[in-house]
Amino acid sequence: MSWTDERPAWLPPIPSPHRGQTRIVLGMVLVCAAMLICLVVAAFGALLSMYVLWPLAGGLLLLMSGLLSRRRGV
């Protein structure tokens with residue numbers, strides 16, 4: 001092991017390469033599920049409930065926060 005292998009103490013810590021990945025995946029799952037529910041309900045000709053907007057909004061918020069945290073880390 002060489003002396004160049006160790007990171008100097010005065011450097012800031014390296015951020016995780018998977019920053020925000022969990023929020024991005026959960027957001028995509030919620031958004032895709034809400035869209036799939038909308039398509040299935042529309043195919044059967046039923047009325048769409050406004051409760052479908054809650055998972056859609058939550059998924060979009062998770063997706064945006066995960067993408068913004070990933071952007072901020074660079």
Side-chain angles (χ1 to χ4, degrees):
M1 192 164 159
S2 174
W3 64 273
T4 58
D5 291 340
E6 294 182 20
R7 188 167 170 84
W10 52 269
L11 282 176
I14 298 174
S16 171
H18 305 295
R19 175 179 282 187
Q21 185 176 9
T22 306
R23 284 178 283 176
I24 292 171
V25 170
L26 283 174
M28 286 299 294
V29 166
L30 282 172
V31 168
C32 290
M35 290 299 171
L36 188 64
I37 288 171
C38 288
L39 288 174
V40 169
V41 168
F44 287 118
L47 290 175
L48 200 59
S49 173
M50 293 299 284
Y51 289 116
V52 175
L53 294 179
W54 286 111
L56 183 63
L60 287 174
L61 285 174
L62 282 171
L63 189 59
M64 285 188 297
S65 71
L67 288 172
L68 285 174
S69 72
R70 185 171 281 238
R71 179 177 178 221
R72 223 175 295 126
V74 173

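Being a predicted model, the structure only gives us computed values, none of them experimental.
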Using a 3.5 Å distance criterion without hydrogens, assess whether the side chain of Arg70 forms a donor-acceptor pair with backbone atoms of Arg19.
yes
Cys38: which of Leu48, Leu56, Leu53 passes side-chain contact (heavy atoms from CB on, under 4.5 Å):
Leu48
Side-chain donor/acceptor pairs under 3.5 Å, residues 21-33, sequence neighbours excluded:
| residue | atom | partner | partner atom | Å |
| --- | --- | --- | --- | --- |
| Gln21 | OE1 | His18 | ND1 | 3.2 |
| Arg23 | NH2 | Ser69 | OG | 3.0 |

Those residues at least two apart in sequence (or on a different chain) that pass side-chain contact (heavy atoms from CB on, under 4.5 Å) with Leu39 are none
Linking I/L/V/M/F/W/Y whenever their side-chain heavy atoms sit closer than 4.5 Å, directly or via other members, would Leu36 and Met50 fall into one cluster?
no
